[in-house]
Amino acid sequence: MSIQSDFQQKVHRLHQLSIYLRWLVVLSSWLTLGIYAIWNLREEIALCLDYFTWAAVYYGLHFNFLPTLCLAFCIGMTVSVLLWQSRNAIWGLPEVEKRKLEKQVQKINARGKKHPLWKWINSRSHPS
């Protein structure tokens, strides 16, 4: 295995870690803010299930500002990560993002085992 391909594997592992962390943030937001929002909107949801009108949706969200804000944040984060990951899957990583990941890998390798991500980046057990 050449040094260049080993370095690219480390960059790929760091990219995979960023994907996992983004989805962890999305999951955490749904498990905290999303549950809070849905619980506080349960009466409005029940009303909409019985008599759906756009006016019921509007007033249900309009008069429950904080739950609406929490729900909007969760939906926004989910859509954002989906679009980011889809863009990377379809067109590949942009050059700017590749360079940032490469610089990060260099910094991690420079610090060595003292860096918290060193084990993740240099482990051979993670899929590439």
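A distance of 12.0 Å separates CG of L71 from CD1 of I35, quoted to the nearest 0.5 Å. Distance check: L27 CG to T78 OG1 gives 9.5 Å after rounding to the nearest 0.5 Å. One finds the NZ atom of K10 at 14.5 Å from the CG atom of L101 (value rounded to the nearest 0.5 Å). With rounding to the nearest 0.5 angstrom, the CD atom of Q85 is 9.0 Å from the OG atom of S18. The distance from atom CD1 of I75 to atom SG of C70, rounded to the nearest 0.5 Å, is 11.5 Å. Here the NE2-CD distance, from H62 to E44, works out to 13.0 Å after rounding to the nearest 0.5 Å.
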(message) Evaluate V81 against W23 for side chain to side chain contact (heavy atoms under 4.5 Å, CB included), listing each step before the verdict.
(response) CA-CA 7 Å; V81 173; W23 281 112; 3.4 Å; yes

(message) side chain to side chain contact (heavy atoms under 4.5 Å, CB included), that's the test. Do L69 and L33 meet it? Break it down for me.
(response) CA-CA 9 Å; L69 196 61; L33 300 173; over 6 Å; no

(message) Run V25 and M77 through side chain to side chain contact (heavy atoms under 4.5 Å, CB included) and show every step you take.
(response) CA-CA 8 Å; V25 168; M77 287 294 293; 3.6 Å; yes

(request) Could you walk me through whether V96 and K100 pass the side chain to side chain contact (heavy atoms under 4.5 Å, CB included) test, one step at a time? (result) CA-CA 6 Å; V96 173; K100 284 181 183 178; 4.1 Å; yes

(message) What verdict does the salt bridge (charged side-chain N to carboxylate O under 4.0 Å, His left out) test give for R87 and E97, after you've listed the backbone C-alpha separation in whole Å, the side-chain angles of each residue and the deciding distance to 0.1 Å?
(response) CA-CA 12 Å; R87 180 207 61 190; E97 204 165 327; 2.9 Å; yes

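With hydrogens and angles disregarded, no donor-acceptor distance shorter than 3.5 Å links the side chain of S29 to the backbone of C74. No donor-acceptor pair under 3.5 Å is formed between the side chain of S86 and the backbone N or O of L83.
In terms of the side chain to side chain contact (heavy atoms under 4.5 Å, CB included) criterion, residue partners of S28 (sequence neighbours excluded) are, by chain and number, L24.
Between N64 and N40, the closest side-chain pair of non-hydrogen atoms is not below 4.5 Å. The side-chain heavy atoms of L41 and L61, taken from C-beta on, include a pair separated by under 4.5 Å. Looking at Y58 and T53, their side chains never come closer than 4.5 Å, going by heavy atoms from C-beta outward. In this structure, N88 and H15 have side chains that are in contact, with non-hydrogen atoms separated by less than 4.5 Å. Side chains of I121 and V11 form no contact here, defined as non-hydrogen atoms less than 4.5 Å apart.
The hydrophobic cluster containing V79 also contains V26, counting ILVMFWY residues as joined when their side-chain heavy atoms lie under 4.5 angstrom apart, directly or transitively. In the hydrophobic clustering of this structure, I108 does not group with I19; members are Ile, Leu, Val, Met, Phe, Trp, Tyr whose side-chain heavy atoms approach within less than 4.5 Å, directly or through other members.
Cation-pi geometry between R22 and W84 is met: the NZ or CZ atom falls under 6.0 Å from the ring centre, inside 45° of the normal. A cation-pi geometry, defined here as NZ or CZ lying under 6.0 Å from the six-membered ring centre and within 45° of its normal, holds between R42 and W39.
More than 12 heavy atoms of other residues, nucleotides or ligands sit less than 6.0 Å from atom CZ of F52.
Between the side chains of W120 and Q16, no donor N or O sits under 3.5 Å from an acceptor N or O.
Scanning both residues, L66 and Y36, for their nearest heavy atoms gives CD2-OH, 3.4 Å.
Y59 and F63 have parallel rings, their planes meeting at less than 30° on a 0 to 90° scale where 60° marks the start of perpendicular.
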